[in-house]
Protein chains: 2
Amino acid sequence: MSTTISPLAPKSFPDMPDIEGVRIATAQAGIKYKNRTDLLVMVFDEGTAAAGVFTRSRCPSAPVDLCRQNLSNGTARVLVVNSGNANAFTGKKGRETTQATAKAAAAAAGCDEANVFLASTGVIGEPLDPARFTHLLGDLASSAEPSLWADAGKAIMTTDTYPKYATRTVDLGGTAVTINGIAKGAGMIAPDMATMLSFVATDAPIAAPVLQAMLSQAVSGTFNAVTVDSDTSTSDTLMLFATGKAAGRGAPAIDTTDDPRLDAFKAALADLLKVLALQVVRDGEGARKEVEITVTGAESDQSAKRIALSIANSPLVKTAVAGEDANWGRVVMAVGKSGEPADRDRLAISFGDIRVAHEGERDPAYSEAATSAYMKSDEILITVDIGLGDGKATVWTCDLTKEYVAINGDYRS
Amino acid sequence: MSTTISPLAPKSFPDMPDIEGVRIATAQAGIKYKNRTDLLVMVFDEGTAAAGVFTRSRCPSAPVDLCRQNLSNGTARVLVVNSGNANAFTGKKGRETTQATAKAAAAAAGCDEANVFLASTGVIGEPLDPARFTHLLGDLASSAEPSLWADAGKAIMTTDTYPKYATRTVDLGGTAVTINGIAKGAGMIAPDMATMLSFVATDAPIAAPVLQAMLSQAVSGTFNAVTVDSDTSTSDTLMLFATGKAAGRGAPAIDTTDDPRLDAFKAALADLLKVLALQVVRDGEGARKEVEITVTGAESDQSAKRIALSIANSPLVKTAVAGEDANWGRVVMAVGKSGEPADRDRLAISFGDIRVAHEGERDPAYSEAATSAYMKSDEILITVDIGLGDGKATVWTCDLTKEYVAINGDYRS
């Protein structure tokens, strides 16, 4: 694990308000880490709706299988998350672990097993012994408190160098409702999904199908638009819980996706997810710079996104950014290798406000000094205009540094 | 540029015999490098047939455009290669450079411009001034000698730490014919194509269409089965020239692809291309280990190759190999992210002869000590059985080290 905090870490963390109907507890179960929490329990009041988006890996972890299965009910009562072991590619033992954990969690929260959600993050392929933490769940559920969001963010970290939080308060039909979210990265980050774990909760009274539709839509320009290393985790999980408790303060129950009273909430949710997703990128393993890549003029938005991800995932582009080298030739390479329609002689490329290339060659006004100075920034914007159509997309990534190699060269040991 | 030679470099270089009808000269043009050759001229006798395979980048370099255009004639008289500047993404200036170079090369070799082939390798996006080297071509063409294959291999290097050679002598209808090849890597290596530049010549009398068919077929399991960093160059060029001079010693003229007298030649060509492709991988930027990845039991050969490349291009797999960490969980991740049909609970994975996982979980006989000892090898074999069908494929890559990041973080400066 990295011992230094990412230079891109936020200067301060938000005060996370309580979400009525959500109680939190954490513990040191000693699953892998010493002297830190590695177990999170989040208890939801009865009537909480749930939605989720998961990894598209063809080899998902056992907890992802369980979440997908239980999500069909649309209701949640308890979430158990452990860090240090992903319980992925653990075969029959992995299913036994999720079954034992779900049983213990249901007993602890006094609910049906179908209302339990689980997530695990850490090493893949090592059996996870549920006896390491199931005996703790009863006490955790009974002692859980609404105010422990800061602790929740810390308990789910793996190689993250800082916990990730976001909160928004927004009007829903005349009543203020709150959305809180936590997330963790920091390697094996790629769409789709682009984070290992993120959990969001609100007191808004929103029906599960509406919640699911909103989440699926919001994820496209946020968590599914970030990449650290193109490696998609087996465990990626983003869940959204709505306790509905704001109804007691007059918030209207929302049952349809196109309810106009939901507009502000949708925007706030997308904004919150983007903040969390960018925090994941900014804490990418070894990251020293955030890179925002916007592609315009592609044949379609989908084509633009593919080109943008080809650039974002190129080791040569990422190492050039790490070296503060405005090597836009590698951007051309990445456009070319994407396989998407592109005409070399129409390409225009900018780093920040500096147009380095247009009409397929170096800009006549190109200044090595000005561009090199720009590359020293913490946040690098790369804009590519393909010159063919109206398609556009923005994705975010980080640079590729020696520290990434160091972190991942001896992660298990 | 790296100053240390790859630990995977060959212990010795082959003696490269002459190829009758091929003459070679090199020079120090000072295009970018100091105190080394950076210009290669290869002159072919009249009647030389040519074939080529090029990058699939949508933004190819100007020399690739020229080669594709001239290849329609199927004949070659002169090849000019420079290192230090790729003449890629250089727009109108790039075309002017290839035109001026082709004109000077045609005058130097006393041939039509349609029989000139060009290749450039190095930095992308910087204009390449042909005046830096066109004045040298006349003397080079007239002083060229058959014996300078070793020099040829050195002149085309960029970040390569050693030149790459292979030679084979094979029977063609009762007469011994020779095939010589040179290649250079070492970053921006991915199918398709998987090398920046490789040039192969033979004295066999083989018609251009047959030459092209053979080359296109042979490339699939060789240059298109290796990857260093998943970044496809704008300049990838593999050309095969056949002077036909062995006809004077009795070799039969080959006009059809299915001529059985060609079988040994086909096998030798494929073998030679594999040797060159593996040398490229073994000199991948920062490489310390060669990794051979074989996928069996996939739904089809194509599916197997996609899975194998997903593993080979995974930064997390490659950094684990660099760290001598048998992190087979990351192999599972890479299988999962490939999107190809796979069943987690049927996967079996071996490192060398050690089966680390089967039926979707860690092998009961797994020994951390034995596996860790194996990971110290220079050559790592990873075998994955998907358990679904008969599809199989093998690809080769190298590990991802801090040295890769260092080389690419300040390549331009």
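Each chain gets a letter, A, B and so on, in the order its sequence line appears, and its residues count up from 1. Scope of the values below: all heavy atoms of this structure, side chains included, with no hydrogens, waters or symmetry mates.
With a 4.5 Å cut-off on non-hydrogen atoms, A:S310 does not touch chain B at all. Looking at A:S314, the atoms closer than 4.5 Å to chain B (heavy atoms on both sides) sit in the backbone and in the side chain alike. With a threshold of 4.5 angstrom between heavy atoms, A:D363 does not approach chain B through any atom at all.
Options B:E324, B:K318, B:R95 differ in how many heavy-atom pairs under 4.5 Å they form with chain A, and the most are formed by B:R95. Between chain B and the residues A:G94, A:A357, A:P341, the largest count of heavy-atom pairs under 4.5 Å involves A:P341. Contact count against chain B (heavy-atom pairs under 4.5 Å) is highest for A:E340 among A:E359, A:E340, A:K92. Note: A:D345 leads A:V321, A:D345, A:V335 in heavy-atom pairs under 4.5 Å with chain B. In terms of non-hydrogen atom pairs under 4.5 Å with chain A, the most contact-rich of B:A88, B:P127, B:A86, B:A334 is B:P127.
Across every non-hydrogen atom of A:L347 and B:C59, the tightest pair is CD1-SG, 4.0 Å. Across every non-hydrogen atom of A:L400 and B:V405, the tightest pair is O-CG1, 3.4 Å. Between B:P315 and A:Y404 the shortest heavy-atom distance is CB-OH, 3.5 Å.
Ion pairing between B:E126 and A:R362 holds under the 4.0 Å rule for side-chain N and carboxylate O.
Atoms CE and OG1, from B:M333 and A:T55 in turn, are 10.5 Å apart once rounded to the nearest 0.5 Å. Interatomic distance, A:E403 CD to B:K402 NZ, rounded to the nearest 0.5 Å: 7.5 Å.
In this structure, A:R344 contributes its side chain and B:P60 its backbone to a donor-acceptor pair below 3.5 Å.
Every salt bridge (Lys or Arg N to Asp or Glu O under 4.0 Å) that B:D343 has, sequence neighbours left out, goes to B:R346. For A:E361, the salt bridge (Lys or Arg N to Asp or Glu O under 4.0 Å) test picks out B:K93, with sequence neighbours left out.
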